[in-house]
Amino acid sequence: MDTPLDWHARALRQRYLTEACIDGRFAPALSGQTYASHDPATGRLLGQVAACGEADVEQAVRTARRSFDSGVWSRCAPAQRKQVLLRLSQLMLEHVEELALLESLDVGKPVADALAVDIPGAAHVFRWYAESVDKLYGQVAPQPPGVLATITREALGVVAAVVPWNFPLDLAAWKLAPALAAGNSVILKPAEQSPGTALRLAELALEAGLPPGVLNVLPGLGEVTGRALGLHPGVDCLVFTGSTEVGKHFMAYSAQSNLKQVWLECGGKSANLVFADCTDLDLAVQKAAFGIFFNQGEVCSANSRLLVERAIYDDFLERLVAQSRLWQPGDPLLADTRMGALVDERQTTRVMQHITHAQAQGAALITGGQQLQINGSHNFVTPTVLAGVDPQQPLWQEEIFGPVLAVMPFDTEDQAIALANDSIYGLAASLWTDNLHRAHRVAGALRAGTVSVNTVDALDVTVPFGGGRQSGFGRDLSLHSFDKYTELKTTWMQFR
Ligand SMILES: NC(=O)C1=CN([C@@H]2O[C@H](COP(=O)(O)OP(=O)(O)OC[C@H]3O[C@@H](n4cnc5c(N)ncnc54)[C@H](O)[C@@H]3O)[C@@H](O)[C@H]2O)C=CC1
Ligand SMILES: CCCCCC(=O)O
């Protein structure tokens with residue numbers, strides 16, 4: 001039975017989905033090609049989506065370059081850019097229900113999460129960068145009289161942002177807000193699964209006063225639209241969040257084209273270490289469950305590997321199984337649903353294959369492991385915990401991007417650190433201890449861009465987010481993010 005929410009969202013999507021937004025105008029892809037978009041939680045067809053190709057990319061790059069060179073945005077006063085981005089942030093909040101519904105219908109996440117986390121989070125990021133842009137000062141280098149050497153940040157020009165489907169609007173905001181605040185013109189390519197909020201954002205940006213051509217949104221398939229952006233000689237900077245595999249493609253595209261700057265936020269396999277001297281085990285269990293089951297585990301920094309000191313291992317596992325019962329999947333449009341549908345059939349199949357393969361390799365299923373059918377969709381996986389994992393198994397080494405936790409006991413601190421660092425990734429990690437010395441010692445030894453102590457997945461716009469190794473390089477969020485969207489210029493003046 002359709003709900004009014006569905007009617008509203010579907011009507012909304014029809015308006016946006018079949019189009020791209022270039023130079024402030026919504027129009028179909030030049031080829032007229034589209035692809036079908038389905039709601040992963042019901043399987044229902046949501047609409048056709050513009051499948052932009054090379055011709056659309058060419059038009060968007062030309063438009064972005066023209067808008068940048070005109071100076072209408074790039075050379076206006078920072079305070080002017082601030083006002084427009086503050087207005088955009090406000091408009092996102094005024095449309096929070098609509099944006100949350102689009103997000104939930106696109107990717108299957110609980111609409112309650114989108115309402116409480118995704119949309120307010122994205123709006124806050126725009127506000128934060130709007131407020132920062134007229135507070136970024138340059139520098140004057142120490143030189144003798146008669147010389148003035150200034151060091152200033154300048155916008156790069158045309159920035160292309162290719163983003164994934166797990167937090168569509170949030171991760172678009174993480175890239176667009178600093179890029180636009182710095183004065184760049186941007187081309188956004190949303191994931192094929194999640195064009196809705198990206199296109200709606202383009203319209204709200206125009207309403208906020210962003211000049212046409214400064215933000216262009218090109219829905220389309222990764223290997224067509226994303227690839228064309230990665231290869232285009234008119235793109236000055238390519239920022240990406242997604243799989244490590246695709247991140248490597250973007251490095252190759254840059255080398256094959258104009259050596260554009262590439263910044264990557266890729267996969268992760270973050271460890272969560274619980275020591276026996278952690279006294280608040282209830283909180284540790286609750287956060288261990290949140291760290292893997294929130295957003296159906298489709299989080300790059302999800303704590304998908306749990307290491308528990310042997311003395312508390314059995315007790316912790318028992319509590320974790322009880323906690324996992326609070327994360328049973330359900331209809332994402334229901335207000336009390338905490339875990340929704342995985343993003344599509346391909347992702348669900350990939351997650352279930354990992355679960356089956358791990359058991360075939362000897363892992364013990366502690367809880368979960370079931371694929372459920374809800375409202376006609378099979379894209380629901382129960383919260384899953386597997387033990388008896390070999391640290392060389394794919395379950396311990398590969399990013400699963402689903403509600404699947406691998407657990408293992410440890411005996412010594414050194415052993416826990418070694419197991420945690422035995423990864424191709426280096427995005428995030430968590431540890432639980434009441435011992436201050438151990439907290440600092442272990443946090444310093446863990447190879448991760450963010451280490452959370454007595455919490456999981458700490459994340460805020462005021463601190464940089466990103467990692468090393470095959471999790472990529474560069475940082476989203478904080479003022480450090482401007483390093484990706486500006487370049488330093490030295491101006492040297494000799495005078496008498
Ligand atoms: N780090 C993160 O936040 C994310 C990681 N992932 C990981 O990636 C795995 C696969 O998920 P996918 O949806 O396939 O992520 P993906 O990395 O393929 O897609 C992310 C973005 O890259 C684009 N893309 C895909 N192939 C491309 C290509 N050849 N050239 C240029 N752009 C391309 C897509 O259209 C999308 O916009 C997931 O199971 C998960 O392990 C997926 C999404 C987010
Ligand atoms: C809003 C939370 C984003 C987590 C980072 C990621 O999954 O790419």
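Order of appearance sets the numbers: ligands from 1, and atoms from 1 within every ligand. Sequential numbering from 1 along the given sequence is applied to the chain's residues.
- Contacts of R350 with ligand 1, taken as heavy-atom pairs under 4.0 Å, involve the side chain alone.
- Atom 29 (N) of ligand 1 has Y253 OH, 3.3 Å as its closest protein atom, hydrogens excluded (heavy atom only).
- Contact analysis puts R346 in contact with ligand 1, with a non-hydrogen atom separation below 4.0 angstrom.
- Per-residue contacts place H249 under 4.0 angstrom from the following atoms of ligand 1 (heavy atoms of the residue considered): 29 (N).
- For atom 4 (C) of ligand 2, the closest non-hydrogen atom on the protein side is V299 CG1, 3.9 Å.
- Judged by the shortest distance from any of its heavy atoms, G230 lies outside the 4.0 Å radius around the atoms of ligand 1.
- The presence of a protein heavy atom under 4.0 Å from atom 16 (P) of ligand 1 is confirmed.
- Between the side chains of N272 and W432, a donor-acceptor pair is found at a separation under 3.5 Å.
- Between T462 and D460, the side chains place a donor N or O and an acceptor N or O closer than 3.5 Å (distance only, hydrogens not considered).
- Set against the non-hydrogen atoms of T241, the atoms of ligand 2 under 4.0 Å away are 8 (O).
- Contacts with ligand 1 closer than 4.0 Å are made by no heavy atom of L229, backbone or side chain.
- Between D457 and K287, none of the side-chain N atoms (NZ, or NE/NH1/NH2) sits under 4.0 Å from a carboxylate O, so this pair counts as no salt bridge.
- Of all the heavy atoms of K248, none lies under 4.0 Å from any atom of ligand 1, so neither backbone nor side chain is involved.
- Using a 4.0 Å cut-off between heavy atoms, L171 contacts ligand 2 through its side chain alone, with no backbone atom that close.
- Relative ring orientation between F250 and Y253 is described as perpendicular, the plane-to-plane angle rising above 60° on a 0-90° scale split at 30° and 60°.
- Taking the six-membered ring for Trp and thresholds of 30 and 60 degrees, F465 and W174 have ring planes more than 60 degrees apart, a perpendicular arrangement.
- Considering backbone and side-chain atoms together, F240 places no N or O closer than 3.5 Å to any N or O of ligand 1.
- Close approach of ligand 1 to V163 is summarised as follows: ligand atoms under 4.0 Å from at least one heavy atom of the residue are 21 (C), 36 (C), 37 (O).
- With a 4.0 Å cut-off on non-hydrogen atoms, E265 touches ligand 2 through its side chain and not its backbone.
- Per-residue contacts place P164 under 4.0 angstrom from the following atoms of ligand 1 (heavy atoms of the residue considered): 43 (C), 44 (C).
- Two residues are said to be in side-chain contact when any heavy atoms from C-beta on lie closer than 4.5 Å; F294 and M339 fail this criterion.
- Contacts of W174 with ligand 2, taken as heavy-atom pairs under 4.0 Å, involve the side chain alone.
- Inclusion of D170 in the set of residues having an N or O under 3.5 Å from an N or O of ligand 2 is not warranted.
- Applying the 4.0 Å criterion to heavy atoms of K189 picks out, from ligand 1, the atoms 34 (C), 35 (O), 37 (O).
- By the neighbour-count criterion of 12 heavy atoms within 6.0 Å, atom NE2 of H480 is sparsely surrounded, having that number or fewer from other residues, nucleotides or ligands.
- Between C300 and ligand 2, at least one N/O pair is under 3.5 Å apart.
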**Request:** Apply the test side-chain contact (heavy atoms from CB on, under 4.5 Å) to residues H38 and L46: give CA-CA distance (whole Å), side-chain angles for both, the deciding distance (0.1 Å), then the verdict.
**Result:** CA-CA 5 Å; H38 292 86; L46 291 166; 5.8 Å; no

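- Looking at E98 and L101, their side chains never come closer than 4.5 Å, going by heavy atoms from C-beta outward.
- No side-chain donor from either of H357 and Q393 sits under 3.5 Å from a side-chain acceptor of the other.
- A donor and an acceptor atom, one from each side chain of S377 and T42, are nowhere located under 3.5 Å apart.
- Near A191, with a cut-off below 4.0 Å to any heavy atom, the atoms of ligand 1 are 36 (C), 37 (O).
- Scanning all protein heavy atoms for the shortest distance to atom 18 (O) of ligand 1 gives V246 CG2, 3.5 Å.
- Annotation: atom 34 (C) of ligand 1 to nearest protein heavy atom, E192 OE1, 3.4 Å.
- Residue-level proximity to ligand 2 for D118 is absent, since no heavy atom of it falls below 4.0 angstrom.
- Atoms of ligand 1 found under 4.0 Å from any heavy atom of N166, numbered from 1 in the order shown, are 3 (O), 44 (C).
- At a 4.0 Å heavy-atom cut-off, ligand 1 touches Q347 through the side chain alone.
- Under a 4.0 Å criterion applied to the non-hydrogen atoms of V162, ligand 1 contributes the atoms 21 (C), 22 (O), 23 (C), 37 (O).
- One side chain, D422 or Q397, offers a donor N or O that lies under 3.5 Å from an acceptor on the other.
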